[in-house]
Each structure stands twice: as C-alpha cells, then as structure tokens.
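Given the structure is predicted, the values throughout are model-derived calculations rather than measurements. For this chain, numbers begin at 1 and follow the sequence in order.
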Amino acid sequence: MAGFTETRHDVNGIDTAVLTAGEGEPLVYFHGAGTAFGFDQLLPLAGRFRLIVPYHPGFGASADDPSVDSLHDYLLHYLDLFDQLGVDELALAGESLGGCLAAWFAIEQQSRVRRLVLLSPFGLRVREHPATDFFSIPDEEVPAHLVADMSLFAGAPVPPPPEFLADRYREATSFARVAWKSPYDRKLTKWLHRISAPTLLLWGEADRLHPVELAEHWAELIPNAEVRTFPGVGHIPVVETREAVDAIADFVGAGVAA
C-alpha cells in the first residue's frame, strides 16, 4: 500500500503541511487534538478516494499560529487551503476536536460538504453525560483516556524522549488556545440543525473522554444522522479498529456516483 505524500502550502502566512494519498473524490480528514498516532491507519481510504489530511496550525508539521484562538479561525484557514488545493465539494470526516471543527464546517458551508463523518466529536454539553476536561487529566493517565487497548503503547520508550514530549506540549498548547476555558462549545446545540449532509457518527463504547451516550444526542440534533458504535474501543476508533475505517469508506462511498 502506497504511503502519504506531504506537501507544504502558505495559507495566509502559515506554513501548512498536508498529507495526501490516492485518487478520486476528495475525502478530507480533520485530526483531533494530538497527532502522536500518525495517520497510516487511514491509508485504506486512499484505495477509493483522494484522501487529504491537513495538519492544523500548531500541530504536527504545520507552523504555529498563536493568533488562532477559536475553531472559526481554523475554519477560515481551511477555506483558504481548500481554495489552493482546488477542493470545492468534499466528503469530510473529523475526530474529537476535528469532529467539532468538521461539524462547524458543515454548518457554515452546506453546499460544499456532501457527506460528513464525526468520530467521538468534541463540544456538545449534555448534563447527564459530561465530557472529561482533557486539561484535568494527569499526564500519566492520558494514554488510557485515548484508547482502550493499551497494547498500542507496547514498545514505546519509557520515559518518552524529550522531542516527543516537546511535540505533545506544543500540540496541547495549541489545543488550549481554543478549548482551555471549557470542554464544551456552547453554541453547537443551537446550530447543528443546519447540517444538511448525510451524517455518520462513529463512537467507541469505552470512550473515557466523550461518553458514548453523547452519540444519540448528536444524532438527535443533526438531521439525517446515524450512529455506529464499537465495543471495547476508546476515544479514537480508527486507531483501534479497522472496522471504523471501513465504516467511513462505505458511508462516503455510498454518496459517490458510480
């Protein structure tokens, strides 16, 4: 299986790294608040689509932008990037922080998003099923809040090398600029009804950050939404089970003309 090609783009003065693989209809994947797992698990999607995985400003290989302090800043950044890439209509997937961003993109850019996949998205406030505030988690407990299968960390050096810790601190700082004040986006509930694209919600049933019960609340607020959950899977389904990747492919593929 061929890997990703990385390209660099000057987006309003920000050096932005973009991973691409495959050909066909564009499928953009917005990552969450960390990139430590990489994105090779998504490569099977490149067999059916033009897979595009941009690094948010302040994450991975993209440059920092301290002026970004809201998800709307990211949204505008990506409008500029997609113009450069020649991407008009697209299928859009997003996990966690990227799921909230993908939802806002679909709210504000209805005509551009033909299919939407949200994986354990950040942001919805439901009193009976509160999300865990990421910034309240002790460092040593973060891995167990990201995945249920701790064998994914087998072989990782202990303690982690300084450059790994520096990268995680940088990404946590970027995340904090948009989410430090609250683990919720209090305006989401009001506007999710504007999503017009068919939507698939994917959730790990063992998610310790965003309880799986939140999935039905998202589905109630988004017209034409369906839910699929994965037993024994944590916060990032595509990392722990190929079934999540295949679910994205099947759902997005159902909207592509033969």
Side-chain angles (χ1 to χ4, degrees), residues 1 3-4 6 17 19 21 29-46 51 53-56 58-62 64 93-101 117-123 130-176 178-180 183 201-215 228-249:
M1 181 186 301
F4 284 108
E6 181 180 309
L19 303 178
Y29 191 94
F30 286 157
H31 65 74
T35 66
F37 287 107
F39 305 107
D40 284 354
Q41 67 273 6
L42 300 175
L43 281 171
L45 297 171
L51 178 61
V53 185
Y55 284 101
H56 308 325
F59 290 82
S62 287
D64 294 332
E95 72 181 41
S96 195
L97 176 69
C100 188
L101 174 59
V117 182
L118 306 177
L119 299 94
S120 308
F122 163 90
T132 300
D133 183 351
F134 178 82
F135 301 105
S136 71
I137 304 171
D139 290 348
E140 66 275 11
E141 296 181 17
V142 167
H145 279 78
L146 298 179
V147 297
D149 181 6
M150 293 300 290
S151 71
L152 291 169
F153 295 98
V158 180
E163 58 271 19
F164 178 88
L165 295 175
D167 287 343
R168 304 291 74 76
Y169 178 80
R170 172 177 175 258
E171 293 183 342
T173 299
S174 298
F175 180 38
V178 301
W180 179 261
L201 289 149
L202 299 180
W203 225 287
E205 294 180 11
D207 191 336
R208 294 179 63 188
L209 281 177
H210 302 158
V212 67
E213 290 84 1
L214 291 172
R228 181 171 175 185
T229 64
F230 302 97
V233 169
H235 183 60
I236 314 175
V238 294
V239 169
E240 292 197 72
T241 175
R242 171 65 185 268
E243 289 183 39
V245 179
D246 291 342
I248 296 172

Fill in: Donor-acceptor contact present, side-chain His31 to main-chain Val53, <3.5 Å
no
Rounded to the nearest 0.5 Å, the OH atom of Tyr55 sits from the OG atom of Ser174 at a distance of 13.5 Å
Separation between CG (Asp64) and CZ (Arg170), nearest 0.5 Å, reads 4.0 Å
(Q) Measuring only between side-chain heavy atoms, which start at C-beta, is Pro44 closer than 4.5 Å to Arg242? (A) yes
>> Would you say the ring centers of Phe153 and Phe37 fall short of 6.0 Å from each other?
In response: yes
dist Trp203:CH2 -> Leu214:CG (nearest 0.5 Å) comes out at 5.0 Å
Side chain to side chain donor-acceptor pair (under 3.5 Å) pairs touching residues 151-163, sequence neighbours excluded, are Asp149-Ser151
In this structure, OH of Tyr29 is separated from CG of Leu45 (nearest 0.5 Å) by 9.0 Å
request  = Give a yes or no answer on whether the side chain of Gln41 reaches the backbone of Gly38 with a donor-acceptor pair at less than 3.5 Å.
outcome  = yes
Quick one, Leu209 and Leu146 - any side-chain contact, counting heavy atoms below 4.5 Å? yes
- For Glu95 and Ser120, does a side-chain donor sit closer than 3.5 Å to a side-chain acceptor? no
Check your understanding: Does Phe30 reach the side chain of Leu97, with side-chain heavy atoms less than 4.5 Å apart?
Key -> no
dist Leu202:CG -> Ile248:CD1 (nearest 0.5 Å) comes out at 6.0 Å
Q: In sequence, state the C-alpha distance, the side-chain angles, and the governing distance for Phe59 and Phe175, and then conclude on ring-ring contact (aromatic ring centres under 6.0 Å, His included).
A: CA-CA 9 Å; Phe59 290 82; Phe175 180 38; 7.6 Å; no
Using residues 229-237 as the side-chain source, report each donor-acceptor pair under 3.5 Å to any protein atom, sequence neighbours left out, with the distance given to one decimal.
from   : atom 1 : to     : atom 2 : distance (Å)
Thr229 : OG1    : Glu205 : OE2    : 2.7
His235 : ND1    : Asp207 : OD1    : 3.2
His235 : ND1    : Asp207 : OD2    : 2.9
His235 : NE2    : Ser96  : OG     : 2.8

